[in-house]
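Okay, structure first, notes after.
No hydrogens, no waters, no symmetry mates; every other heavy atom, side chains included, goes into these values. Counting starts at 1 for both ligands and their atoms, following the listed order.
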Amino acid sequence: MSNGLRTRENVAGMGANHPTLAAYRAAVEQMKNLPQTDPRNWERQNDIHRNGCPHGNWYFLPWHRAYVLEFEEICRDLSGNPDFALPYWNWTQNNNIPGPFRQGTLLDETRVRNSVPTVFVEQSIIDRILGQTDFELFASTRPRVPFEQNNTDPIWQRRTGAKAELERTPHDFVHGQIGGDMGVVATSPLDPIFWLHHCNIDRLWAEWNARGNRNTSDTLWTDFRVRPFDRVVGDLQDLTQLGYTYDTLAQPQLPEPSPLPPLLDRARDRFDLMETRVASLGQEVSFPVETPRSALPLAAEAVSREDVAAEGGPKVLAFVRGVEPPENPQVAVNVFLNCPYLSAETPVSDPHYVGSFTFFGAHEHQDGMEGKHDDMKMEFAFDLTETVYRLQEQESDLESRLTLQLLPVPYEGRDVPPEEIRIGGVEIVYI
Ligand code: C2O
């Protein structure tokens, strides 16, 4: 404990008999043995996630924060260790599932692999994510389909927003790479590593805030009640108030909320190419979006790089909309901008590369989802600003046309049959 706060620590420093892991193991064992009638039962905990976890919108972070907190408290009670704090798995530092999770109670035998390729969890990606100043481009966006604030519809928190980089890259990718129970929403909390994965995602949110980045003040977010935890989102922001911190934080900080309106309400111009196209493995599909020269906000002489990086600075965004996942979701889609020589071999270190997405959460029909096929289509948000900045120095037609190129590739080391991925369209938004 420090400042009376429980400190969540890096699992990497813990041997199998570390008191934190001993307590976790004891708690998991008991949860697995509790009768189904007990809400603390291991599978009942999984049911909470299967029946109502939001992904692909701005409730993703606070909902999972509440979920992990409640789970941690159960662990505290069952282990009889009043100081227990859940450890986190920092896959950026150590891409192997920690040793104590590869045996006994903490093992999940359905895992496809025990390590995550570094490509989508490496430090440069985390730096870029933590350097994002806009809340929705960090935390995933406001749901696009309007809904009642206190809607009792079971799909209320699943409405589609767009997955931003933290969710669509390290979060989704780690799920998909480990695979087995972890690979799908409906079963992922059955793998004891799930909770340490989410603890790390939660830590990155806390880190982002500690660097002075602001959550939204939109009441659609702050006043939202996350179920079934009976908490409102606004009360899930301040770690000090919640009683915990991370060993990587000198001090948890919660900056004043941002007064900026939601992202799309700040759009100065929008251009789209909504026309379904089909991508297949190793083959790019491209969306050339005409963008009149006058609208480009980044005329080099007008705006400095610092202005662009600041919260509320001018941005060029791309939304990939209406994505229908492939049958076999073990595919990553790499996204490039205006790359004349793109091939399946073009590396993600290429200057035209803007990011990736995968398909965690695809094809899962949870309770209440029948007949709501449109809600299962996925959307992804990309901040193109840096790339546009970089490329506009070199390329003459960049200002009149932004061509987003999507290139699906199978997960490293997985045998994926030929797959087709339908993409509904691309929208370019100038903020
Ligand atoms: Cu709701 Cu990482 O999953």
Side-chain angles (χ1 to χ4, degrees), residues 8 11 42-72 86-92 97 101 108 110-112 116 120-121 126 129 138-141 143 154-206 224 226-229 231 233 236 325 329-330 332 356-369 375-376 378-380:
R8 293 182 178 170
V11 72
W42 188 246
E43 287 181 14
R44 292 282 303 276
Q45 286 296 303
N46 181 64
D47 289 346
I48 295 174
H49 189 252
R50 194 186 60 213
N51 294 335
C53 61
H55 289 127
N57 64 43
W58 66 7
Y59 304 116
F60 166 69
L61 288 174
W63 191 94
H64 288 82
R65 175 169 283 176
Y67 185 42
V68 167
L69 268 169
E70 213 154 274
F71 175 83
E72 185 180 48
L86 202 66
Y88 61 86
W89 173 29
N90 183 341
W91 12 254
T92 304
I97 293 183
F101 287 77
D108 181 317
T110 68
R111 289 176 198 147
V112 176
V116 179
F120 295 141
V121 296
I126 303 302
I129 290 169
F138 173 78
S140 297
T141 74
I155 63 167
W156 61 276
Q157 49 196 2
R158 292 175 191 277
R159 297 293 188 189
T160 317
K163 292 189 182 195
E165 191 164 20
L166 175 64
E167 184 180 357
R168 70 174 150 73
T169 307
H171 170 264
D172 286 7
F173 186 69
V174 168
H175 272 286
Q177 284 293 328
I178 295 174
D181 285 338
M182 269 291 270
V184 285
V185 170
T187 53
S188 49
L190 294 175
D191 186 331
I193 200 66
F194 168 94
W195 303 92
L196 282 75
H197 172 46
H198 268 279
C199 202
N200 198 42
I201 295 290
D202 187 72
R203 183 181 66 84
L204 291 171
W205 183 18
F224 210 92
V226 289
R227 295 167 198 193
F229 311 113
R231 296 191 192 243
V233 167
L236 288 163
Q330 301 181 95
S356 297
F357 60 86
T358 60
F359 295 99
F360 179 65
H363 294 309
E364 294 190 58
H365 287 258
Q366 291 97 351
D367 301 347
M369 291 299 290
D375 290 330
M376 299 310 292
M378 305 176 101
E379 300 202 357
F380 304 93

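The shortest side-chain heavy-atom distance between C53 and Y67 does not fall under the 4.5 Å cut-off. Between I193 and R111 the shortest side-chain heavy-atom distance falls below 4.5 Å. Side chains of N90 and R203 form a contact here, defined as non-hydrogen atoms less than 4.5 Å apart.
A perpendicular orientation is assigned to the rings of H171 and F360, their planes being inclined by more than 60° (bins at 30° and 60°). Ring orientation note: the planes of H49 and H64 are nearly perpendicular, at an angle over 60° on the 30°/60° scale. Using cut-offs of 30° and 60° on the angle between ring planes, the pair H198 and F60 is perpendicular.
Within H49, the N, O or S atom lying nearest to atom 1 (Cu) of ligand 1 carries the name NE2.
Under 2.8 Å from atom 2 (Cu) of ligand 1, one finds the following protein N/O/S atoms: H171 NE2, H175 NE2, H198 NE2.
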